[in-house]
Amino acid sequence: MCGIAGIYDPLRPPGLGELMPMIDIQRHRGPNGQGSLVDGPVAMGMRRLAIIDIAGGDQPIFNEDRSVAVVFNGEIYNYVELRAMLERAGHRFQTHSDTEVLVHLYEEYGTGLFPYLNGMFAIALWDRKRSSVLLGRDRMGVKPLYYARVDTRWLFASELKCLLTQPGLDTELELEACADYLRLGYIPRDATPYQGVRKLLPGQYLLLEAADHCLTTWWDLADLGAAQEDASTLEQSLEAKFDDAVRLRMRSDVPVAAFLSGGLDSSLVTETAQRGSRIPLTTFSMGFTQTEFDELPYARTVARHAGTRHREMVASPEDAITHLPLLLWHMDEPMGDSSIIPNYLISRFAAQEVRVCLSGLGGDELFGGYARYGEPGVGRIRKAFAAMPWAAGALAPIMEPYRYSWAEELRLATGESAAWRSYLHRLQIFNTPALRRFGFPARGQAEELVESLWKRYPGDDPVSRRQFIDQHTYLPDQILALTDRMSMANSLEVRVPFMDFRLVRFAQRLRAPQKQSGHDFKIFLKQTLGKRCAPEILSRPKWGFDTPLSRWVGQPAIFKLLRCLPDGLCVREGLFQPSAIRALVESPQSAGSFARGVWSLLVLEVWMRVRRRLSPPQESCLELLGVAN
């Protein structure tokens, strides 16, 4: 696990002095060492977090004649099997690291190496003979990779802040992307907050060669493949795939621990990992002050049942005030999901003992864990009031004015667009009229994005269609992104068994009744693997790794921060009308139904103040916004 960075410029070959700031600024991703290569038009390097082949795995790593070199962030879990295959083909290995399989696979298959990999990765590979650089990203987007072009120069790195160290980069705000942040709570797909920077999408590679470049999709979620197995073999198939996904992610030369929320997904990962371990795993859990729901008892139940060494900690609203500027600096982009705070804290807590943790992330997005995947409530209301056209006008005054209200749905979501508009309604924080009311100078692309993905889904299953949208957006751009940044901010590697591509393909082919029905979720997952867990885990209410946000927003210190927003930097930069922001943050509903909205505005304000810094901020939110404590 590492942070990588590089420069490719055939006309103005880069030097080590230009590369080093890009490497140094992400020291947190790799405190155990660094490496670099300067060779003609390329300069690339990395910071290393040593997990596999601690003594011999330093990068860059070369092939036999040193004509191919690679720097790489992530893990190739099936490297043992790949190495054996490549040795049979005549390749000679100099290390025992997973990284070295990449250069030999490239020798064999060129840009066709990626489908052989089971892992999480962002790869930069230099081919001296072709004078080309190949950049590639894993199938589901577990590991990030940013890139930019400045005249003849290409820049790439694991973190956007690395690119900010280079002159000439276009850092003008990408207003459409910022509008999508306000609508969704994150910036989706390849966009970033800056006009000059893009993200390589999951399952893509970018080939840079002289004055040419080629962007290619090498893995596509829409290619569902063969039909699902016969019903009699489904359970055996899922068990085998899940067990192997966890087994591969236990490969490590350092101890592997697990995050444990007490929910089904993290419990299954923990129970399965402990089965395959000769020693007790260490598990880490988090609780919250200011909440009516405490997950820690469930996590303790799982820990006792599995026999792990269990550790716990508790987060409070003060943690948000203290850490938010630092966390948004690490995120590189505004991120409205308040779970960045517990993710950062639990990662910091775990990193005191271990370098690697397993996570249950992704189970909901694969197996149907969210109520929003089912028949929308607005759909039932539409049917009930189809004969009552006056209903929309009557209901409008009492509905939320910042999202698509049910009344607005009745007016707008008709005909073919009804289904995808209803799903967008469930996803978004602010709608288009709200952005106009705020005076925001863009509307974003959320509607076009959701509609295009809705129509691109190759099947007819309604639950899987909604998951298809999340798997392209919410999963890589919010959940996996914040997990990567918050864990790597603490030099901790997080492995995600549910993102094994074999499990992804399996889950895609399940039908809606196998995923959820009424108030029952992840039906097939529970039926097949639930017997591994304590019975109370299967019947517990769903909570998720989130914060009690409405309680936190109502705390006096955070309320002080919100009151600053009408006079804040975003207003001074012309992004918002102060009167509209004042009306929202001073609303008695702002700590209730509008909590996500006001939190998103606070996040954008804080991110705007730290976005161009090249060193981690030390201030709390109170100090950053100039609020008296």
Side-chain angles (χ1 to χ4, degrees), residues 1 49 51 75 120 140 142-143 242 245-246 248-250 252 254-277 280-288 293-315 319 327 337-366 369 475 478-500 529 532-534 537 540 542-547:
M1 180 65 70
L49 178 64
I51 304 295
E75 301 289 351
M120 55 179 185
M140 298 303 291
V142 182
K143 292 287 104 182
F242 186 76
V246 174
L248 289 178
R249 284 155 182 79
M250 291 292 287
S252 173
V254 298
V256 177
F259 290 143
L260 180 58
S261 70
L264 175 65
D265 302 333
S266 67
S267 299
L268 287 175
V269 169
T270 298
E271 296 274 7
T272 304
Q274 186 60 79
R275 283 182 175 190
S277 177
L281 294 180
T282 303
T283 48
F284 299 94
S285 298
M286 171 166 283
F288 299 98
F293 189 91
D294 187 4
E295 287 200 296
L296 290 179
Y298 293 103
R300 292 172 197 141
T301 296
V302 177
R304 286 194 300 268
H305 190 267
T308 69
R309 298 170 59 249
H310 192 53
R311 303 285 187 267
E312 295 179 352
M313 68 170 297
V314 176
D319 291 310
L327 306 196
D337 188 336
S338 60
S339 71
I340 62 171
I341 298 158
N343 269 276
Y344 174 81
L345 294 173
I346 197 72
S347 294
R348 187 178 65 175
F349 185 48
Q352 296 172 11
E353 297 189 41
V354 297
R355 293 184 191 176
V356 182
C357 270
L358 302 178
S359 168
L361 285 175
D364 290 316
E365 291 79 10
L366 295 191
L475 181 59
Q478 179 165 319
I479 299 300
L480 294 175
L482 71 86
T483 300
D484 170 80
R485 307 310 191 278
M486 296 301 96
S487 59
M488 293 308 293
N490 293 286
S491 307
L492 181 76
E493 174 176 303
V494 174
R495 300 179 173 184
V496 193
F498 279 105
M499 291 296 95
D500 189 298
L529 301 178
R532 302 182 182 187
C533 301
I537 300 304
R540 57 156 287 186
K542 178 175 175 56
W543 190 253
F545 195 40
D546 205 346
T547 62

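For the numbers below, each heavy atom of this structure counts, side chains included, while hydrogens, waters and symmetry mates do not.
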Within the structure provided, determine whether [X] and [Y] are in side-chain contact (heavy-atom separation under 4.5 Å).
X: Phe349; Y: Ile346; result: yes
X: Met488; Y: Lys143; result: yes
X: Leu268; Y: Cys533; result: yes
X: Ile479; Y: Asp337; result: yes
X: Leu327; Y: Met486; result: yes
X: Asp265; Y: Leu361; result: no
X: Ile341; Y: Leu345; result: yes
X: Thr270; Y: Thr308; result: yes

Heavy-atom donor-acceptor pair, [X] side chain to [Y] backbone, under 3.5 Å:
X: Arg485; Y: Ala481; value: yes
X: Asn343; Y: Ser339; value: yes
X: Ser487; Y: Asp484; value: yes

What distance separates [X] [atom1] from [Y] [atom2], expressed to the nearest 0.5 Å?
X: Ser285; Y: Arg300; atom1: OG; atom2: CZ; value: 8.5 Å
X: Leu264; Y: Leu529; atom1: CG; atom2: CG; value: 8.0 Å
X: Asp319; Y: Phe288; atom1: CG; atom2: CZ; value: 9.5 Å
X: Met120; Y: Glu493; atom1: CE; atom2: CD; value: 4.0 Å
X: Phe259; Y: Leu358; atom1: CZ; atom2: CG; value: 9.5 Å
X: Thr301; Y: Glu295; atom1: OG1; atom2: CD; value: 12.0 Å

What is the minimum heavy-atom distance between [X] and [Y], and which atoms define it?
X: Leu475; Y: Gly362; value: CD1-CA, 4.3 Å
X: Ala306; Y: Gln274; value: O-CG, 3.1 Å
X: Leu260; Y: Ala299; value: CD2-O, 3.4 Å
X: Ile537; Y: Gly262; value: CD1-O, 3.5 Å
X: Met250; Y: Ser277; value: CE-CB, 4.2 Å
X: Cys357; Y: Ala258; value: SG-N, 4.1 Å

TODO: For side-chain contact (heavy atoms from CB on, under 4.5 Å), just list the numbers for Val269 and Phe498, CA-CA rounded to whole Å, side-chain angles, deciding distance to a tenth of an Å, and then say yes or no.
DONE: CA-CA 9 Å; Val269 169; Phe498 279 105; 4.0 Å; yes
Open item on the list: Is there a side-chain contact (heavy atoms from CB on, under 4.5 Å) between Val356 and Leu492? Walk through the geometry before answering.
Closed with: CA-CA 6 Å; Val356 182; Leu492 181 76; 5.9 Å; no
TODO: Starting from the C-alpha separation in whole Å, work towards a yes-or-no answer on side-chain contact (heavy atoms from CB on, under 4.5 Å) for Arg275 and Arg532.
DONE: CA-CA 10 Å; Arg275 283 182 175 190; Arg532 302 182 182 187; 3.3 Å; yes
Task: Arg309 and Thr283: side chain donor to acceptor below 3.5 Å - done: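 Their side chains do not contain a donor-acceptor pair, so the 3.5 Å distance test is not met.
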Task: Donor on one side chain, acceptor on other, Ser266 and Ser261, under 3.5 Å - done: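 Per modelled atom types, Ser266 and Ser261 side chains form a pair under 3.5 Å.
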- [ ] Output, in order, the C-alpha distance, side-chain angles, deciding distance and verdict of side-chain contact (heavy atoms from CB on, under 4.5 Å) for Phe284 and Glu353.
- [x] CA-CA 10 Å; Phe284 299 94; Glu353 297 189 41; 4.0 Å; yes
TODO: Mind checking side chain to side chain donor-acceptor pair (under 3.5 Å) for Ser359 and listing every partner two or more places apart, or none if nothing turns up?
DONE: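 Applying side chain to side chain donor-acceptor pair (under 3.5 Å) to Ser359 gives none.
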Open item on the list: Could you check whether Glu75 pairs with Arg495 (Lys NZ or Arg NE/NH1/NH2 to Asp/Glu carboxylate O, under 4.0 Å)?
Closed with: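 So Glu75 pairs with Arg495 through a salt bridge.
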